[in-house]
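The next block holds one structure in the form of structure tokens; read it before the comments.
Please read these numbers as outputs of a predicted model, since none were measured by experiment.
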Amino acid sequence: MLRAKLLLCTVGPPIPRVVLQGTDVIDHLCKGVDTVCRSTAVTLGPGGRNVCIQSALDAGMKPEYKITRDGVTVTKYVDLPTNTIQSRTTNLGVRLVRHASDTANSFAGDGTTTSVVLTAALLAEGRKASVVGHSPVDVVKGITVGIQLALASIRHQAIPITDATMLNHVSTQAANGDAKLGTLITTAVRTAGLDGQVQIKAATTANNWIDHTPGMTITAGWFSPYFVTNRTNQTVELSDCVVLCTSVELTTVEQLRRLVQYCVHTDKTLVIFAEVDDTSDMWQLLIRLKLEGTLPLVVVKPNGDGRDRDENLIDIATYCGGIAVLA
């Protein structure tokens, strides 16, 4: 399937520049892909086997060993020597299939081993088709069509999870058949809810447990100490709030006049996630409303810049059941 020339330019000790092309390139790339596939495929599925990994040794350091059935971990540790041009080309195949598996893992959260096996199979079969005279472009088009058909079939066969028993089956399979860990994952998912977030972190002890943090945690805090309601803890505590999330800079009183009137008439408190000019009339109005006790409120500066800030505002608005107003 690959007919393009591959030019390797080295940096460091002087090594002759070599241009590999045709079957030479494909042979070395396939060798690297097959190496990752053989190392990772043994962990596939509920009947997968363990892999023992020795970490790279540094001078004066003791070797570290890991035993795992996680395809992500195995793929990450596969790295071949690069002392020759041919070995560097082989290692390029390793990195290509590693990139494919990382993409699958970041997109779906799972499927690393499956993506490695499929990549190796597609490369092998595509190479056979190319050798017998088929156009590589047509082969790629055929693979694309096959992917769409496979995705349609998977969606048709998919069974939605509707109860805790089904969720527990999936969690146990994801935990490599560990029923206790599967039950723990099920409990965490049910506690957080389908729209909640579950994070797994390495523990410092041999025990497994769940920490539940209700609500939503953001790293930003109040914009000014004028808004503090608990002087002891220097925190702002509000309830029954109206939440405004916007990327538009607030500078004039007219921008919030109707919202402030609504909050005052309905005895609501106000939380603003926005940029506010602290030299504007708007800022003076907000401070006066808070100090006079007319309207309990707080202004929070959004996290990030540009697109990151907009995405953070969308997350907050979605959690509160609203829509962010973006510039």
Please, which pairs that meet salt bridge (charged side-chain N to carboxylate O under 4.0 Å, His left out) have at least one residue in residues 246-263, sequence neighbours excluded? Glu254-Arg257
Which residues pass the side-chain contact (heavy atoms from CB on, under 4.5 Å) test with Tyr65, not counting sequence neighbours? Gln54, Pro63
Quick one: side chain to side chain donor-acceptor pair (under 3.5 Å) pairs with a partner in residues 309-327, sequence neighbours left out? Arg307-Glu311
Could you identify which residues cluster with Val131, counting Ile, Leu, Val, Met, Phe, Trp and Tyr as linked when any side-chain heavy atoms lie under 4.5 Å apart, either directly or through a chain of such contacts? none
So, Gln148 and Thr144: side-chain donor and acceptor under 3.5 Å apart, yes or no? no
Hydrophobic side-chain clustering at under 4.5 Å (ILVMFWY, transitive links): who's grouped with Val145? Put none if nobody. Leu149
Tell me if the aromatic rings of Trp283 and Phe223 count as close, with their centers under 6.0 Å from one another. yes
Solution key, residues 263-275 side-chain donor-acceptor pairs under 3.5 Å, sequence neighbours excluded:
unit_1, atom_1, unit_2, atom_2, d
His265, ND1, Gln261, O, 3.3
Thr266, OG1, Tyr262, O, 2.6
Lys268, NZ, Asp240, OD1, 3.0
Thr269, OG1, Ser239, O, 2.9
Thr269, OG1, Asp240, O, 3.4

Under a plain distance cut-off of 3.5 Å, with no hydrogens placed, do Asp70 and Thr68 share a side-chain donor-acceptor pair? no
Would one find more than 12 heavy atoms of other residues, nucleotides or ligands at under 6.0 Å from atom CD1 of Ile323? no
Is a donor from one side chain sitting under 3.5 angstrom from an acceptor on the other, for Trp209 and Asp211? yes
Check: residues 97-105 side-chain donor-acceptor pairs under 3.5 Å, at least two apart:
unit_1, atom_1, unit_2, atom_2, d
Arg98, NE, Thr75, O, 3.4
Arg98, NH2, Val78, O, 2.2
Ser101, OG, Val97, O, 3.4
Ser101, OG, Arg98, O, 2.7
Thr103, OG1, His99, O, 2.8

Can a donor-acceptor pair be found between the side chains of Asp79 and Asn91 at a distance below 3.5 Å? yes
Throw together a table of side-chain donor-acceptor distances under 3.5 angstrom for residues 288-295, partners on residues two or more places apart or in other chains.
none

Show me the donor-acceptor pairs, under 3.5 Å and distance only, between side chains in residues 158-167 and residues at least two apart or in other chains.
unit_1, atom_1, unit_2, atom_2, d
Asp163, OD1, Thr165, N, 3.3
Asp163, OD1, Met166, N, 2.9

List in chain and number order the residues that pass side-chain contact (heavy atoms from CB on, under 4.5 Å) with Asn233, two or more places apart in sequence or in another chain; answer none if no residue qualifies. Asn230, Thr235
Would you please name every residue forming a side-chain contact (heavy atoms from CB on, under 4.5 Å) with Asn50, sequence neighbours left out? Ile67, Arg69
Could I get the full list of side-chain hydrogen bond (donor to acceptor under 3.5 Å, both in side chains) partners for Thr186, not counting sequence neighbours? Asn168, Ser171
